[in-house]
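A quick write-up on the structure given underneath.
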Amino acid sequence: IARYKRARGFNVLHPMGWDAFGLPAENAAMERGIHPAEWTYANIAAMREQLKGMGLSIDWSKELATCHPGYYAQQQRLFLDFLGAGLVYRKESWVNWDPVDQTVLANEQVIEGRGWRSGAPVEQRRLPQWFFRITAYSEELLSALDELERWPEKVRLMQRNWIGKSRGARIWFPIDGRSDALEIFTTRPDTIDGASFMALSPHHPLAQELAAKDPGLSDFIAECEHLGTSEEAIERTEKLGYDTGLVCSHPLDSNWKLPVYVANFVLMDYGTGAIFGVPSGDQRDLDFARKYGLPVIETYRPVGARDPSPQELEAYEDQLRRHPVVEHRSAEGRELLFHISESAFIDKSAEEPVHYTNARFLDEPIATPIEAIEAAIDYLEHQGVGEGTVQFRLRDWGVSRQRYWGCPIPVIHCADCGAVPVPLEELPVQLPDDVDFSSPGNPLERHESWKSADCPSCGKAVRRDTDTMDTFVDSSWYFARFTAPRADAPTRREAVDYWLPVDQYIGGIEHAILHLLYARFFTRAMKQCGHLGVEEPFKGLFTQGMIGHETYQDSAGRYFSPDEISRGDNGGLVGPDGQAVTAGRVEKMSKSKKNTVDPARIIDTYGADTARWFMLSDSPPDREMEWTDAGIEGAWRFVQRLWRLADEALEALPPAGAEAPSAFGAEAMELRRATHKAIQSVGGDIEQFRFNRAVARIYELSNLLGATSLVKSDDAGDRWALREALESLVRLMAPMMPHLAEELWQRLGHDGMLVDLPWPEADQTLTVDETVTLAVQVNGKKRATIELPRDADEKTAEQAALSEPAVLRAVGESTPRKVIVVKNRIVNVVV
RNA sequence: GCCCCUGUGGCGGAACCGGUAGACGCGCGCGACUCAAAAUCGCGUUCCGAAAGGAGUGGGGGUUCGAGUCCCUCCAGGGGCACCA
């Protein structure tokens with residue numbers, strides 16, 4: 001893309017940098033005793049060489065590494081700016097705590113409730129953490145997605161779901177015997193007449209208050225805190241509740257009483273940390289209701305559901321007795337409330353759901369849930385017991401990590417002054433080199449001289465914040481830094497205003513949410529603090545697929561790399577010791593499965609151009625592709641073929657830059673048309689990221705060139721057309737195979753570099769053919785094709801079609817009722 | 001559970017706006033060159049059929065002169081979110 005855009009006259013910035021902080025470097029340090037910095041910089045050096053070998057036209061003068069103090073110093077400055085702007089704050093929050101390794105774990109690091117490394121049961125701990133206030137931009141981050149037209153719809157959708165805007169209501173339930181009310185959030189206020197219990201999060205202030213006087217509740221809450229927050233933990237955990245003895249009144253009927261439970265499935269950080277349970281509308285609430293003998297009240301019923309018979313009603317009288325019937329009318333299926341335990345009377349063949357609570361909120365008995373929700377909100381607001389509200393799923397971004405290899409948080413903690421920012425002139429707060437990884441936990445925490453400091457405010461001896469920032473912070477603004485990587489501020493406005501937003505961003509789909517959302521947040525926050533002038537970082541986004549490879553395993557389940565596999569005597573695959581090996585499915589390349597290929601080896605064997613060509617040739621780039629030896633061989637053959645093609649034609653060619661003759665023969669014209677059609681389509685294909693199609697067009701032209709007899713001709717026009725075709729071929733493939741293209745360009749007699757030439761332009765008079773082939777259908781079935789001059793009129797087409805023998809045979813005795821002619825495409829005879 | 005995407009030869013994949021399904025590549029088959037092999041070149045390659053012809057884009061149904069493409073439905077695979085009230 002960079003090479004193509006450059007040929008199109010754009011000023012292209014194509015930088016490369018290293019997102020280099022993170023856990024793997026620390027693990028390597030622990031396992032091998034190498035300092036994380038040493039390990040990281042060695043990897044960078046190796047990868048830089050690999051990338052250079054691929055010929056990626058990267059501007060290495062802009063290179064940066066996030067672990068370099070020159071980079072993270074500016075990141076610390078951004079942190080302090082955000083702090084000043086109220087976009088960073090500190091609060092206590094619940095985290096997964098590994099009591100053996102003395103560290104916080106990400107949810108992904110908790111396996112079956114235990115720390116992945118220590119195997120110790122994980123605890124829920126409340127720790128002070130730094131947060132970025134991403135929720136300050138919830139609405140903007142959501143609505144601006146609509147304008148990101150050059151982003152894949154899939155990514156925009158994933159972000160929409162992640163931000164998770166819900167319309168709903170906050171409703172206040174009076175608590176019996178107390179002056180305060182319990183505030184809950186719901187997205188379905190229209191089901192309020194299906195409520196049968198209230199549930200509080202174990203972390204809810206009311207639950208905490210009650211626990212102080214109720215040892216049973218206190219124990220229950222402690223038990224909840226031992227559970228992990230990981231997906232597995234949630235799946236396995238039974239829905240448990242503790243009856244607090246407290247009772248709420250239904251806000252619309254003070255005689256209707258609802259018991260208050262503390263339940264382990266209610267989250268404190270969504271909504272208000274309290275809910276009302278509607279067992280008829282929610283499986284989880286239903287499970288809970290059954291477990292604790294709570295009523296189930298129907299609020300929805302499908303059309304066609306019949307009324308219960310008296311016997312059936314009797315069967316549920318127990319349910320009805322538990323609970324006062326508010327109202328029960330039966331008039332043509334329009335009922336206000338109906339108390340039953342299950343969907344016993346529901347006719348499964350019914351189509352539309354009917355809303356039974358409508359009578360309270362709406363005049364019409366049938367409404368969509370959305371209408372009913374809005375009506376319910378109006379009603380609740382009118383009664384003064386609730387209000388419409390919007391709730392986001394998105395939460396603030398906790399960035400504190402108890403890790404060494406990351407950007408230190410530039411804050412000092414003073415007993416008297418609290419959290420005090422490190423003064424700007426003292427930045428960067430640099431990581432110490434002399435650290436000890438021999439015991440678990442954060443080495444910064446144990447580094448007494450590093451962590452001690454003087455309070456910038458009162459001068460007292462205090463300690464530094466020993467946490468480092470989540471590595472996602474590092475990658476949230478590097479694109480801005482690329483525009484002026486050595487500036488002594490986070491950005492240089494002149495540079496950042498010239499380049500941003502990024503015209504074309506490329507990354508894997510795995511970044512669809514976290515990285516891309518954080519970068520969008522950072523861009524807004526940086527704008528607010530005056531570091532740049534745009535809201536959105538990436539105008540165009542392309543998500544490329546990964547390259548996978550077959551996996552190889554022997555009967556013992558050991559994995560082998562492709563290099564270790566060969567063909568045995570019986571034709572089967574064998575491993576290094578001659579044992580039988582089976583080929584498994586194609587998977588994402590990974591060290592554990594050993595299904596990787598070494599770029600250096602590929603480049604040594606086939607050259608960079610072959611590798612580049614193969615990667616672009618078969619699959620659309622947004623899809624996963626499989627790396628195969630056969631595939632790379634095929635690409636290699638094409639490289640050889642191109643070279644030969646040029647070689648064989650060289651003798652016959654007129655000199656470079658020769659004037660075009662005035663006349664061309666038929667075969668020369670055919671080649672010229674093919675050439676200009678290829679020029680036309682390859683550019684468009686590259687623009688649209690359809691590289692596999694561009695490759696196919698290039699193959700087509702080269703096939704024609706290989707088959708042409710023009711090489712043997714003495715005619716000046718023939719020879720000129722041959723040069724035109726060959727030169728065009730070289731120029732079209734140049735963005736994909738730059739090295740070969742330059743080499744051939746020189747052999748074709750040119751002095752300068754091809755990379756400095758503009759992209760070729762197609763001659764529009766040569767991109768269309770003089771004759772076209774039309775399909776002739778009889779009743780929509782193809783029977784023949786006819787050759788006609790381009791744009792021949794309908795009459796001509798119809799006559800030509802009806803004189804085809806195969807068409808006449810198909811028409812037979814009947815007379816055509818209608819003949820449909822689509823110019824230059826098709827004739828359909830209807831009989 | 002909710003939301004989204006994708007199903008086309010032996011394989012990767014083409015097919016603009018509803019208009020010749022299978023471009024291009026891989027693989028395979030046959031042939032040429034060679035003592036032979038490799039490389040290379042030529043021809044062929046959706047399936048059934050000797051051919052005429054018929055069938056065919058996950059299954060079923062619909063709209064249309066005409067459907068891979070639009071609509072409904074079912075099936076399969078993949079992805080995202082998820083004690084989110």
Side-chain angles (χ1 to χ4, degrees), chain A residues 152-162 164 166 168 184-189 191 195 199 201 227 229 231 233-235 237-239 263-267 269-278 281-285 287-288 391-395 509-510 512-513 586 613-614 617-620 623-626 628-635 637-638 640-641 644 681 684 688 690 692-703 706-707 772-786 806 809-810 816-831:
Chain A
E153 184 49 41
K154 180 187 168 75
V155 174
R156 293 196 279 171
L157 185 72
M158 280 164 71
Q159 291 216 352
R160 261 181 221 118
N161 290 339
W162 183 265
S166 302
I184 62 92
F185 170 76
T186 180
T187 55
R188 297 301 300 274
T191 65
S201 162
L227 298 166
T229 56
E231 209 174 303
I234 289 161
E235 282 293 316
T237 309
E238 198 184 358
K239 312 294 173 251
N264 62 354
F265 59 84
V266 182
L267 303 171
D269 49 5
Y270 185 78
T272 63
I275 61 164
F276 67 80
V278 183
D282 184 297
Q283 185 60 46
R284 189 195 52 205
D285 289 352
D287 294 345
F288 193 84
Q391 179 71 39
F392 289 93
R393 211 191 67 102
L394 185 67
R395 294 177 214 170
I509 187 71
E510 70 275 14
I513 296 171
V586 176
W613 185 253
F614 171 52
S617 58
D618 273 355
S619 295
R623 255 181 253 191
E624 315 269 294
M625 79 166 274
E626 183 190 357
T628 64
D629 285 349
I632 189 89
E633 289 278 353
R637 280 204 298 271
F638 181 63
Q640 306 305 309
R641 186 149 174 264
R644 259 198 331 271
S681 48
Q688 294 172 67
R690 309 182 68 159
N692 56 323
R693 260 195 356 177
V695 163
R697 300 289 92 87
I698 291 172
Y699 269 120
E700 274 173 5
L701 183 57
S702 83
N703 286 347
V772 289
T773 312
L774 283 80
V776 184
Q777 298 181 335
V778 178
N779 287 338
K781 195 170 269 293
K782 187 175 100 179
R783 295 295 172 181
T785 57
I786 49 176
R809 219 181 306 138
R817 283 195 289 125
K818 193 156 79 166
V819 178
I820 291 155
V821 180
V822 182
K823 205 181 237 183
N824 297 330
R825 286 201 181 276
I826 206 164
V827 179
N828 192 8
V829 182
V830 187
V831 295

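Note on naming: letters A, B, ... go to the chains in the order of the sequence lines (proteins, then strands), and numbering restarts at 1 for each one.
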query = For A:Val830, which contact category applies under a 4.0 Å heavy-atom criterion: base, sugar-phosphate, or nothing?
reply =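 A:Val830: backbone/sugar contact only, no base atoms under 4.0 Å.
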request  = Assign A:Arg644 to base, sugar-phosphate, or nothing according to its heavy-atom contacts below 4.0 angstrom with the strands shown.
outcome  =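 Counting heavy atoms under 4.0 Å across all strands, the contact made by A:Arg644 is with sugar-phosphate only.
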message = Does the structure show a Watson-Crick or G-U wobble partner for B:U64, both distances under 3.5 Å? Name it, or say none.
response =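 Pairing partner, where one exists within any strand: none, as none qualifies.
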key: Toward the 5' end of RNA chain B, by each residue's nearest nucleotide, A:Arg809 or A:Arg825   = A:Arg825
ask   = For the base of B:C81, is there a side-chain donor-acceptor partner from A:Asn161 under 3.5 Å away?
value =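 No, the side chain and the base share no sub-3.5 Å donor-acceptor pair.
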Would one find a side-chain N or O of [X] under 4.0 angstrom from OP1 or OP2 of [N]?
X        : N     : value
A:Arg693 : B:A15 : yes
A:Arg641 : B:U40 : no
A:Tyr270 : B:A85 : yes
A:Asn692 : B:A14 : yes
A:Arg783 : B:G54 : yes

query = Syn or anti for B:C28, with syn set at within 90° of 0?
reply = anti
remark   = Taken to the nearest whole Å, CG/A:Leu774 to P/B:G66 is 19 Å
Give every donor-acceptor pair under 3.5 Å between a side-chain atom in residues 820-827 of chain A and any protein atom, sequence neighbours left out.
residue, atom, partner, partner atom, Å
A:Asn824, OD1, A:Asp791, N, 2.8
A:Asn824, ND2, A:Asp791, OD1, 2.7

Side-chain donor/acceptor pairs under 3.5 Å, residues 772-779 of chain A, sequence neighbours excluded:
residue, atom, partner, partner atom, Å
A:Thr773, OG1, A:Glu787, OE2, 2.7
A:Asn779, OD1, A:Val831, N, 3.0

